[in-house]
Structure formats: structure tokens, C-alpha cells
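Report on the structure given below.
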Amino acid sequence: MKNPFLLFATFLFTACTQVGFESRIWLTDPTGGILFQEQDKVSFSNSAPSGTVIEINPEMQYQEMDGFGFTLTQGSAIHLLGMSEEGRKAILEELFGSGENSIRINYLRLSVAASDLNETVFSYHDLEEGEIDPELEKFDLGPDRDDVIPILKEILDINPEIKLMASPWSPPAWMKDNKDTRGGKLLSENYDAYALYFVKYIKQMEDEGIIIDAVTVQNEPLHPGNNPSLLMLPEEQGYFIKNHLGPKFKEHGISTKIIIYDHNADRPDYPISILDDPDAKKWIDGSAFHLYGGKIEALSEVHRAHPDKNIYFTEQWIGAPGNLAGDLVWHVKNLIIGATKNWAKTVLEWNLSSSPDLRPFTDRGGCSQCLGGITIDGDEVTRNPAYYILAHASKFVDQGSKRIDSTEIEGLPNVAFLRPDGGVILIILNESKENRDFNVSYAGHSAALQIAPGAVISLLIE
């Protein structure tokens with residue numbers, strides 16, 4: 001139900017005032033119990049704005065967006081497969097479809113073999129002790145054919161344009177110095193075999209009709225405590241790319257983007273040091289980040305050092321049971337607004353779905369408190385904080401949209417995008433403790449709005 005007491009948009013009219021256009025508006029206000037609901041349309045007129053003004057300037061453009069979304073883990077796929085066919089179709093349409101009631105997710109991250117939200121740890125090329133297979137002829141997508149791939153095909157039927165990124169948590173244990181799925185380092189004598197491992201993955205996924213747009217070289221390369229995981233220092237990652245992965249992609253005609261780092265914003269020196277090497281840089285599309293450490297502004301530090309390379313935000317988790325009021329403010333400020341205003345082409349939450357008991361997760365370091373964007377219990381679906389956080393952007397910011405300039409206002413973080421169809425979307429957060437009145441100015445017209453504390457608005461000008 002629309003609630004004019006919690007969000008209103010008015011305009012002062014005189015006899016000579018001309019209405020310019022209307023815009024649509026969606027609101028999430030946890031205190032008021034409003035969860036991503038469309039409100040009354042906002043009228044823009046040519047009256048001069050006063051007071052606090054957020055001016056949208058489409059002439060000043062920044063990065064082109066690839067999308068907003070989640071990671072599709074094995075756990076997420078299992079939860080979806082446990083639904084009835086009718087129930088699964090309904091929630092997948094809501095998440096990935098283009099209908100009026102869909103949130104239109106357009107980007108997914110996958111794990112290359114197991115992540116820490118799998119039932120068990122596996123790679124696509126596990127060997128018995130003493131077994132040799134240097135050409136990786138036994139490589140097979142294996143367990144993913146039972147869950148991740150079938151769900152992914154259903155998603156692609158709904159949105160064939162969705163972009164896919166894939167990230168490995170660990171190479172096969174036999175390639176590592178500790179022969180364990182957890183921690184350890186990739187043996188230098190297996191660099192070439194591991195490069196071929198990426199090639200085999202991309203090609204077998206393509207055989208399934210699944211195109212991998214980008215790969216990161218290693219998920220969280222400075223955190224070897226998960227199961228699976230790998231320690232990969234920047235000099236090792238740079239060497240692997242320039243001498244093995246890049247050339248191997250070229251040899252096999254692979255056009256999938258190579259993205260480095262894929263870890264916290266507290267170490268911008270990691271991707272910068274790799275990109276400073278021109279022999280490595282030539283193979284690399286950009287850098288990926290999480291925000292479990294550091295500040296989001298570090299993404300701009302990497303952009304300034306190498307403005308010709310892209311920036312991606314690829315993971316942030318919300319701990320169960322979730323707190324919408326707190327999670328919404330932090331994630332919208334730092335990720336939806338903060339990451340994109342610091343050049344990120346994607347914003348991805350971790351992960352798509354969870355079960356009521358938060359399983360599955362691996363032993364020895366799997367995440368036992370990771371709350372999905374939705375919780376699935378049979379055919380019952382609960383929409384969690386990450387769902388509403390992403391919806392404010394994913395529903396409106398199409399692939400190919402460009403971030404454009406909007407006025408920075410203390411207490412009202414905001415970001416604007418120009419869509420390929422010419423529409424404009426402005427996302428605004430009130431992080432203050434009181435109602436805020438403000439004006440939005442665009443194309444010589446303006447509208448006056450009010451936003452409650454802790455609330456988020458998506459304003460769509462079509």
C-alpha cells in the first residue's frame with residue numbers, strides 16, 4: 001500500500017507553472033514496514049528548485065555497467081531444485097525476468113568447482129594418489145551437472161543476456177604443495193596445467209550452452225583459511241597470468257575476460273602491482289573487490305593508477321538472521337552507491353539463496369552464517385535484506401547503463417545512471433536520523449521530495 005505519510009513528492013504550482021514530466025518511485029523504509037513498494041508518481045515542473053538540491057547531469061558520464069546480482073552456489077541450486085516446478089519457475093521469474101514484478105537480476109557469479117557453500121569439496125579433476133593426467137583428459141564438470149548447471153539453464157531461458165563470472169576457490173589438490181583443498185600454494189610446475197584447467201572449464205560450459213564472460217584468477221587469494229582455498233601472492237598471480245593463463249587463452253581462442261585480485265579493499269597494492277607489469281597487464285580486463293576489510297574508496301585508487309582497466313565488486317555477505325534496517329543502510333551506502341561511484345561495473349551480493357538451517361557449507365572453514373538473498377523452505381520463499389538492497393538497482397540499471405553525475409549531499413548518499421533506452425535512475429539513501437527534504441533537478445525541471453531516516457528511494461525518469 002502506498003504511504004504518503006512516509007514518502008511524499010509534491011510540487012508547488014502557480015497559474016503559470018507547466019508540468020514537465022512524471023517519474024516513478026520505489027521505496028524501502030524498514031521502520032515503516034515498506035519493502036520495495038512503488039509509490040505515487042512524482043511530478044517534475046519547470047519551477048526553480050530551492051533548499052537541498054540533487055542535480056542530475058547526464059552529460060558527465062563515467063563507467064558502463066555490467067549488472068547487479070548474486071553468486072549462484074551449489075547450495076542455492078539445491079534449494080531451488082527442492083521446490084516444485086511451479087514454485088521454482090515463479091521465483092526465478094521474479095528474480096531474473098523482465099516483468100513488472102521482477103527485480104531483473106542481470107549478473108551472476110559462479111564458483112569454478114566447489115566453494116565453501118557446497119555440500120562437499122571437489123574439483124573438476126580429482127586424481128587418485130600416484131595417478132597422472134597431464135593433458136587433463138579426465139576433466140569433467142562432474143557434480144555441477146546435477147544442480148548448478150540445470151538451474152543455470154533455467155535462468156538462461158528466462159534471461160539469455162545475463163552475464164556470468166566464474167571464480168575458483170582452489171585448484172585440484174594434486175596441483176598444490178600441501179595436497180589439500182584448504183590453503184597451500186599452487187606448485188610452479190603445475191601452472192600450465194592449471195591454466196588448461198580454466199580453458200577446459202570455459203569450453204565444457206560452452207558445450208552446455210553457457211558462456212562465461214569473465215573469470216577471476218582466485219577467490220580471496222590472501223585468505224587460505226576457507227575450505228576450499230588457496231594462498232596466491234600478487235607476484236605469483238602476475239607470473240601465472242603473463243606466462244600461462246593469458247597465453248593459454250590465446251592458444252585456445254578463449255575471449256573470456258581475466259580479472260585479478262577478487263579480495264578486500266584493504267590491499268589496492270595487490271592489483272596495482274600486477275597491472276604495473278605491462279607483460280601481465282595486456283591479458284587483464286580489470287580488478288575485483290570485496291569489502292570485508294578496507295574502504296570502498298580504494299577502488300578509485302586502483303582506477304587512478306590504471307584508468308584503462310575495469311573495476312568489479314564481486315562479493316559481500318550478510319550474516320544470519322539479518323537486520324534489514326542496518327544491512328540496508330550499510331550495503332546501499334557502501335556497495336550500491338559507494339562501489340559504483342568508485343568505478344565498479346558490477347555489484348554482487350553473497351549468495352543467491354539459503355535454507356532455514358543455512359546449509360550446505362563445507363567443513364574446516366565453510367560459512368555457517370551466510371544468509372542468502374532469499375531463504376527457501378519447500379515452496380515458501382522469504383525475501384532477505386540482500387534482496388531489497390539489490391532490487392533498488394537491479395530492477396532499473398540495465399546492462400549498458402552509464403553512471404552519470406549527481407550532486408553529493410551530506411547525509412543523502414546517491415548515485416545516478418543513464419539507461420540505454422534514455423531513462424534515468426537516481427538511487428538515494430537517507431543515512432541521517434531525521435526526515436530529509438530535498439529537490440531533484442533534471443533537464444531543467446525539478447521535484448520536491450521527502451525521505452524518512454534509514455529509507456532508500458529509487459526514482460525512475462523514463
Side-chain angles (χ1 to χ4, degrees), residues 71 73 109-118 121-125 164-178 180-188 190-202 212 214-246 248-249 254 256-275 277 280-281 283-293 302 309-315 346 348 350 362 365-367:
T71 297
T73 62
R109 183 174 178 232
L110 310 170
S111 63
V112 178
S115 76
D116 60 309
L117 290 188
N118 275 65
V121 179
F122 66 88
S123 81
Y124 300 132
H125 195 260
L164 303 174
M165 172 187 287
S167 304
W169 265 240
S170 173
W174 65 266
M175 294 186 184
K176 301 165 70 176
D177 60 359
N178 65 351
D180 191 356
T181 56
R182 184 176 187 261
K185 288 192 174 187
L186 178 66
L187 290 166
S188 58
N190 289 324
Y191 276 18
D192 203 57
Y194 193 42
L196 182 59
Y197 185 88
F198 279 87
V199 170
K200 294 268 189 176
Y201 170 73
I202 292 166
I212 303 300
V215 292
T216 66
V217 179
Q218 172 61 36
N219 173 71
E220 298 188 346
L222 299 178
H223 177 42
N226 275 0
N227 187 23
S229 61
L230 175 79
L231 177 63
M232 182 178 262
L233 301 177
E235 57 269 25
E236 295 167 336
Q237 190 164 121
Y239 185 90
F240 174 65
I241 292 167
K242 72 179 180 181
N243 293 304
H244 298 275
L245 188 62
K248 191 69 73 176
F249 275 22
I254 301 292
T256 300
K257 302 178 183 76
I258 296 173
I259 299 172
I260 58 174
Y261 191 42
D262 204 8
H263 207 168
N264 291 331
D266 58 353
R267 289 292 306 275
D269 60 295
Y270 188 118
I272 289 172
S273 67
I274 296 174
L275 292 170
D277 180 349
K281 181 177 181 176
W283 303 109
I284 296 167
D285 174 85
S287 311
F289 293 87
H290 308 173
L291 196 59
Y292 306 115
V302 179
K309 295 301 178 180
N310 290 315
I311 301 288
Y312 301 83
F313 191 89
T314 49
E315 181 186 315
T346 62
L348 309 180
W350 173 263
T362 60
C367 183

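Computed from a predicted structure; not experimentally measured.
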side-chain contact (heavy atoms from CB on, under 4.5 Å) between Phe313 and Leu348, intermediate numbers included: CA-CA 6 Å; Phe313 191 89; Leu348 309 180; 5.7 Å; no
Under a plain distance cut-off of 3.5 Å, with no hydrogens placed, do Asp262 and Tyr312 share a side-chain donor-acceptor pair? no
In terms of heavy-atom contacts, Ile212 and Ala166 come closest through CG2-CB, 4.1 Å
Distance-only side-chain donor-acceptor flag, Asp116 / Trp169, under 3.5 Å: yes
Would you compute the distance between atom CD1 of Ile274 and atom CH2 of Trp283 and round it to the nearest 0.5 angstrom? 15.5 Å
Heavy-atom closest contact (Arg267 atom, Pro271 atom, distance): O-CD, 3.3 Å
Taking side-chain hydrogen bond (donor to acceptor under 3.5 Å, both in side chains) as the definition, give me every residue that meets it alongside Asn178, ordered by chain and number, with sequence neighbours left out. none
Nearest-0.5 Å distance, CD of residue Gln218 to CD of residue Gln237: 7.5 Å
Check Thr256, Leu164, Leu110, Ile254 against Val215 for a side chain to side chain contact (heavy atoms under 4.5 Å, CB included) and give me the one that passes. Thr256
Is there a side-chain contact between Asn264 and Phe289 (heavy atoms, below 4.5 Å)? no
In terms of ring plane angle, is the pair His244 and Tyr191 parallel, tilted or perpendicular, where the classes change at 30° and 60°? perpendicular
Phe249: ring-ring contact (aromatic ring centres under 6.0 Å, His included) partners, not counting sequence neighbours: none
Okay, side chain of Ser115, backbone of Ser111: is any donor-acceptor separation there less than 3.5 Å? no
Steps toward salt bridge (Lys or Arg N to Asp or Glu O under 4.0 Å) verdict (Asp192, Lys248): CA-CA 8 Å; Asp192 203 57; Lys248 191 69 73 176; 3.0 Å; yes
Sequence-distant partners of Tyr201, side-chain hydrogen bond (donor to acceptor under 3.5 Å, both in side chains), two or more places apart: none
To the nearest 0.5 Å, atom CD1 of Ile259 lies from atom CD1 of Ile284 at 10.5 Å
Euclidean distance, Glu220 CD relative to His263 NE2, rounded to 0.5 Å: 4.0 Å
Under the criterion side-chain contact (heavy atoms from CB on, under 4.5 Å), I'd like the reasoning laid out for Tyr292 against Asp266: C-alpha separation, chi angles, the key distance, then a yes or no. CA-CA 9 Å; Tyr292 306 115; Asp266 58 353; over 6 Å; no
Could you please spell out the steps behind the side-chain contact (heavy atoms from CB on, under 4.5 Å) verdict for Val112 and Tyr124? CA-CA 8 Å; Val112 178; Tyr124 300 132; 3.7 Å; yes
Heavy atoms only: give me the nearest Ile241-Ala280 pair and the separation to one decimal. CG2-O, 4.1 Å
OH on Tyr197 to NE2 on His125, rounded to 0.5 Å: 9.0 Å
For the student: nearest non-hydrogen atoms of Thr216 and Phe198, plus distance: O-CE2, 3.9 Å
Basic-acidic side-chain contact under 4.0 Å: Lys242, Asp277: yes
Run Glu236 and Leu186 through side-chain contact (heavy atoms from CB on, under 4.5 Å) and show every step you take. CA-CA 9 Å; Glu236 295 167 336; Leu186 178 66; over 6 Å; no
Enter the distance from Ser229:OG to Leu222:CG here, rounded to the nearest 0.5 Å. 11.5 Å
Residues Ser170 and Lys176: side-chain donor-acceptor under 3.5 angstrom: yes
Between Ser167 and Asn219, do the side chains contain a donor N or O and an acceptor N or O under 3.5 Å apart? no
Counting only N and O atoms by type, is there a donor-acceptor contact under 3.5 Å from the side chain of Asn310 to the main-chain atoms of Gly286? no
Thr362 and Asn118: side chain donor to acceptor below 3.5 Å: no
Check Leu275 against Lys281 and note the closest heavy-atom contact, atom names and distance. O-CD, 3.3 Å
Between Arg182 and Asp180, is the closest basic N to carboxylate O distance under 4.0 Å? no
Check whether the side chains of Thr314 and His290 place a donor and an acceptor atom closer than 3.5 Å, and report yes or no. yes
Residues, nucleotides or ligands: over 12 heavy atoms within 6.0 Å of Phe122 CZ: yes
So, using ring-ring contact (aromatic ring centres under 6.0 Å, His included) as the criterion, who are the partners of Tyr270 when residues are at least two apart? Tyr261
Quick one: side-chain hydrogen bond (donor to acceptor under 3.5 Å, both in side chains) partners of Thr71, sequence neighbours excluded? none
Check side-chain hydrogen bond (donor to acceptor under 3.5 Å, both in side chains) between Asn227 and all other residues, then give those that pass, not counting sequence neighbours. Thr181, Asp363
